[in-house]
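The figures here come from the full heavy-atom set of this structure, side chains too, leaving out hydrogens, waters and symmetry mates. To find a chain, count down the sequence lines: A is the first, B the second, and so on, and within it residues start at 1.
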Protein chains: 2
Amino acid sequence: MNSNPNLAEVASLIGNPSRAAMLVSLLGGKALPAGDLARAARISPQTASTHLAKMINAGLLIQESHGRHKYFRLANSEVGHALEALQTISPPKPIRSLRESNQLHALQFARTCYDHLAGKIGVALTDRLVEMNFIEKSGKEFILNAKGKTKLHKFGVTVEKSPKSRRCFARQCLDWSERRYHLAGSLGASLTRRLFELKWIENLPDGRAVRVTDAGIKGLSEEFGLHLTIE
Amino acid sequence: MNSNPNLAEVASLIGNPSRAAMLVSLLGGKALPAGDLARAARISPQTASTHLAKMINAGLLIQESHGRHKYFRLANSEVGHALEALQTISPPKPIRSLRESNQLHALQFARTCYDHLAGKIGVALTDRLVEMNFIEKSGKEFILNAKGKTKLHKFGVTVEKSPKSRRCFARQCLDWSERRYHLAGSLGASLTRRLFELKWIENLPDGRAVRVTDAGIKGLSEEFGLHLTIE
DNA sequence: TTCATACTTCGATGATAAACGAAATATTGT
DNA sequence: ACAATATTTCGTTTATCATCGAAGTATGAA
């Protein structure tokens with residue numbers, strides 16, 4: 001009679017406040033260990049463990065073991081997409097203060113994802129690197145060409161793949177909120193490190209949001225033709 | 001610290017099997033009376049009434065009174081979008097009868113998703129619009145270019161973004177049955193409305209499944225190079 | 001007015017599951 | 001080997017909420 005997929009099952013999983021808190025923590029795309037997720041949801045590790053098991057079982061999360069830590073992340077981009085769609089219909093304003101509202105904006109605008117830059121700025125900067133013909137998309141990676149290598153090296157970024165690390169050099173990382181790719185991998189990390197070093201960006205007090213400084217606005221414009229407008 | 005206790009609130013509303021069944025019945029975009037929704041969810045009118053009140057309260061539904069009947073429908077396209085997004089990550093429901101199997105096939109082939117076209121046809125038509133270079137993907141939207149604007153305007157579609165509505169003009173909506181994007185937003189809705197107007201598509205008796213008429217097969221082929229084969 | 005239909009409110013019941021303490025398992029460090 | 005840390009499993013408690021019967025309100029029909 002009524003249509004096929006079993007909505008209620010997944011929705012009820014997301015519908016628990018503790019699980020929802022964990023899922024939101026994972027929306028940044030990062031994998032987090034069980035303990036961190038428990039803390040984020042303000043519940044005991046035991047309780048978190050049962051929640052995580054349920055979400056693994058339902059295909060919402062996947063698990064990677066690293067020693068005694070178990071890392072969890074969203075199983076795929078569809079899950080992130082669904083969570084965001086739910087957020088858009090989450091009624092009036094959950095936001096208790098102006099400060100929280102600003103924080104939320106800040107996250108969408110610029111944040112770190114593991115160790116590289118994400119959010120609107122992350123995507124926009126990557127776009128500029130492509131447009132200026134420094135990097136180009138190729139499968140799941142970017143390729144840094146000679147022109148880009150020169151430019152970024154002069155800018156203070158490590159442009160050689162470290163031979164001992166088997167980390168991907170210039171991975172494409174999908175930003176769910178923008179649904180666009182930005183630069184990750186060791187190149188993305190090195191570039192982001194350099195931006196911190198130059199104090200073009202700085203960490204906001206808590207969480208993973210990042211602020212672009214005045215020097216950053218000037219610098220990104222001059223070096224990469226990335227013109228930011230303050231909203 | 002992290003954003004949304006209300007995410008859980010909405011999700012838990014959708015997470016009840018009875019409420020989910022009612023919401024899915026409303027995904028076709030039509031308004032239905034409380035009694036019909038109770039029957040669709042196989043629950044008593046009293047129970048349905050409390051469920052509906054909760055969903056009204058949370059802003060998922062809106063209510064119109066017509067005499068002693070009260071009609072309910074999805075509050076806005078975002079709700080429809082969120083439901084579809086959840087369907088993409090929901091496990092399929094076992095099929096119990098031939099009738100259900102047929103219904104499922106019809107839904108996968110063509111259906112309305114709140115107010116725009118989805119299913120094989122929805123995705124295929126969107127693909128054609130991209131291939132014919134009328135629209136192009138950009139982030140989470142499509143961009144309608146000059147060529148597309150001319151073409152669709154001539155076809156009878158509203159191609160201007162309504163300034164007072166803050167609804168997205170041409171959003172990408174993830175299709176649960178195809179796992180691909182189709183055209184949504186006010187442009188998608190207007191195009192779908194026009195297809196109904198031309199009687200190229202028509203609603204099947206119950207639910208949100210849609211049939212492509214003979215005129216539609218001819219028209220879609222001639223106008224958009226979309227060649228349908230009857231299965 | 002009186003009856004019938006559509007929906008809502010109230011109260012009681014029963015089932016589900018979230019939470020944590022206690023204890024088990026697994027891994028790393030000393 | 002032993003202690004420390006990270007996670008899981010089990011059993012118990014507790015709270016929530018879906019459900020429906022019964023009764024109430026509102027609208028339309030006879």
Side-chain angles (χ1 to χ4, degrees), chain A residues 2 6-26 30-75 91, chain B residues 2 4-26 30-75 91:
Chain A
N2 54 47
N6 200 353
L7 263 198
E9 205 174 305
V10 220
S12 71
L13 281 175
I14 305 172
N16 173 277
S18 305
R19 282 191 296 257
M22 296 195 259
L23 288 168
V24 170
S25 304
L26 292 169
K30 226 168 120 167
L32 296 173
D36 286 16
L37 291 169
R39 219 166 311 118
R42 301 165 180 282
I43 51 177
S44 68
Q46 309 95 292
T47 308
S49 180
T50 62
H51 283 317
L52 289 167
K54 283 176 190 171
M55 292 194 280
I56 292 281
N57 211 284
L60 279 138
L61 301 182
I62 51 182
Q63 195 188 39
E64 295 160 14
S65 295
H66 287 287
R68 57 182 158 183
H69 296 268
K70 300 225 170 147
Y71 283 82
F72 295 83
R73 57 189 177 80
L74 301 189
Chain B
N2 68 44
N4 228 334
N6 287 30
L7 173 73
E9 203 175 307
V10 202
S12 73
L13 281 175
I14 304 172
N16 173 277
S18 305
R19 283 192 295 256
M22 295 196 259
L23 288 167
V24 169
S25 304
L26 292 169
K30 280 185 298 208
L32 296 174
D36 286 16
L37 291 169
R39 220 166 312 116
R42 303 166 179 282
I43 51 177
S44 68
Q46 309 97 290
T47 307
S49 181
T50 61
H51 284 317
L52 290 167
K54 283 176 190 173
M55 292 194 281
I56 292 282
N57 212 284
L60 288 174
L61 302 182
I62 51 183
Q63 195 187 40
E64 296 159 13
S65 294
H66 287 288
R68 57 183 159 180
H69 295 269
K70 300 221 171 149
Y71 283 82
F72 295 84
R73 58 187 177 82
L74 299 188

Heavy-atom pair of closest approach, residues B:Ile56 and B:Leu61:
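Closest approach of B:Ile56 to B:Leu61, heavy atoms only: CD1-O, 3.6 Å.
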
Please find the pair of heavy atoms, one from B:Gly59 and one from B:Ala75, that lie closest to each other, and give the distance.
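It is O-CB, 3.2 Å.
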
In whole Å, what is the span from the [atom1] atom of [X] to the [atom2] atom of [N]?
| X | N | atom1 | atom2 | value |
| --- | --- | --- | --- | --- |
| B:Arg68 | C:dC3 | CZ | P | 16 Å |
| B:Ile56 | C:dT9 | CD1 | C1' | 17 Å |
| B:Leu52 | C:dC7 | CG | P | 9 Å |
| B:Asp36 | C:dC7 | CG | C1' | 13 Å |

Bounds of contact between DNA chain D and chain B, in 5' to 3' order, using a heavy-atom cut-off under 4.0 Å
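Nucleotide range in contact with chain B: D:dA18 to D:dG28.
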
Map B:Gly35 and A:Gly67 onto DNA chain C by nearest heavy atom, then report which one ends up closer to the 5' terminus.
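The residue mapped nearer the 5' terminus is B:Gly35.
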
Would you say the side-chain atoms of A:Arg19 pair up with the backbone N or O of A:Leu13, donor to acceptor, closer than 3.5 Å?
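A pair under 3.5 Å: yes.
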
For the backbone of A:Pro45 and the side chain of A:Ser49, can you confirm whether one donor and one acceptor N or O come within less than 3.5 Å of each other?
no

Gap between atom CG of A:Leu37 and atom OH of A:Tyr71 - 0.5 Å precision:
10.5 Å

Evaluate the side-chain proximity of [Y] to [X]: yes if any heavy-atom separation is below 4.5 Å, no if none is.
| X | Y | value |
| --- | --- | --- |
| A:Leu32 | A:Ser25 | yes |
| B:Pro91 | A:Val10 | yes |
| B:Gln63 | B:Leu52 | no |

For nucleotides 17-21 of chain C, which of its nitrogen or oxygen atoms have a protein nitrogen or oxygen under 3.5 Å away, and what is each distance?
from: C:dA18; atom 1: OP1; to: A:Arg19; atom 2: NH2; distance (Å): 3.4
from: C:dA18; atom 1: OP2; to: A:Arg19; atom 2: NH1; distance (Å): 3.3
from: C:dA18; atom 1: OP2; to: A:Lys54; atom 2: NZ; distance (Å): 2.6
from: C:dA18; atom 1: O5'; to: A:Asn16; atom 2: ND2; distance (Å): 3.3
from: C:dA19; atom 1: OP1; to: A:Ser18; atom 2: OG; distance (Å): 2.9
from: C:dA19; atom 1: OP2; to: A:Ser18; atom 2: OG; distance (Å): 3.3
from: C:dA19; atom 1: OP2; to: A:His51; atom 2: NE2; distance (Å): 2.6
from: C:dC20; atom 1: OP2; to: A:Ser44; atom 2: N; distance (Å): 3.0
from: C:dC20; atom 1: OP2; to: A:Ser44; atom 2: OG; distance (Å): 3.1
from: C:dC20; atom 1: OP2; to: A:Thr47; atom 2: OG1; distance (Å): 3.2
from: C:dG21; atom 1: N7; to: A:Gln46; atom 2: NE2; distance (Å): 2.4

